[in-house]
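Input: a single structure, listed below in structure tokens.
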Amino acid sequence: MAKKSIEARQRKREALVAKYAAKREALKEAGEWSLLDKLPKNSSKVRLRNRCQLTGRPRGYVRQFGICRIKFRDLASEGKIPGVTKASW
């Protein structure tokens with residue numbers, strides 16, 4: 001489990017990205033780089049980090065399911081992810 005402060009920081013960044021997305025896009029199209037610099041740094045989409053929705057783990061993220069590899073394996077073994085089966089040959 002990720003620390004609560006890390007998860008809170010991530011949620012704050014996500015809110016800022018959503019809030020300033022249209023404004024950032026308009027400034028980029030207009031080429032107003034000096035005004036773009038004055039926006040909050042955390043409003044940039046590249047500052048977000050993919051995290052597991054269940055544990056908050058930042059590494060080993062499986063994008064298609066939105067969870068980390070460890071939880072993916074656990075849930076797949078328990079049969080809780082539809083359409084996913086463990087290979088055996």
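None of the values given here were measured: they were computed from a predicted structure. Residues take their numbers from the sequence shown, with the count starting at 1.
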Using 0.5 Å steps for rounding, measure from the CD atom of E7 to the NZ atom of K4.
5.0 Å
From CG (L27) to NZ (K38), nearest 0.5 Å:
11.0 Å
Output the distance between atom CG (L48) and atom CZ (R13), rounded to the nearest 0.5 Å.
8.0 Å
What distance do I6 atom CD1 and R51 atom CZ have between them, rounded to the nearest 0.5 Å?
6.0 Å
When rounded to the nearest 0.5 Å, the distance separating CZ of R49 from CZ of R9 is 13.0 Å
Linked, directly or transitively: L35 and L16 (ILVMFWY side chains, under 4.5 Å):
yes
Should L75 and F72 be counted in the same cluster of Ile, Leu, Val, Met, Phe, Trp and Tyr side chains packed under 4.5 Å apart?
yes
Do F65 and V84 have side chains that approach each other closer than 4.5 Å (heavy atoms only, starting at C-beta)?
yes
Side-chain contact, heavy-atom cut-off 4.5 Å: N50 with R63?
yes
For R73, look at atom CZ and say whether over 12 heavy atoms of other residues, nucleotides or ligands are found less than 6.0 Å away.
no
Y61 vs R69, side-chain contact (heavy atoms from CB on, under 4.5 Å): CA-CA, chis, key distance, verdict
CA-CA 6 Å; Y61 182 79; R69 62 182 177 82; over 6 Å; no
S43 and R24: which non-hydrogen atoms are nearest, and at how many Å?
OG-NH1, 3.1 Å
To the nearest 0.5 Å, how far apart are OG in S44 and CG in L39?
10.0 Å
Would you kindly confirm whether I81 and I70 end up in one hydrophobic cluster when ILVMFWY residues are joined by side chain heavy atoms under 4.5 Å apart?
no
Closest heavy-atom pair and its distance - P82, K80
CD-O, 3.6 Å
Write down the atom of C52, the atom of I67, and the distance for their closest heavy-atom approach.
SG-CA, 3.8 Å
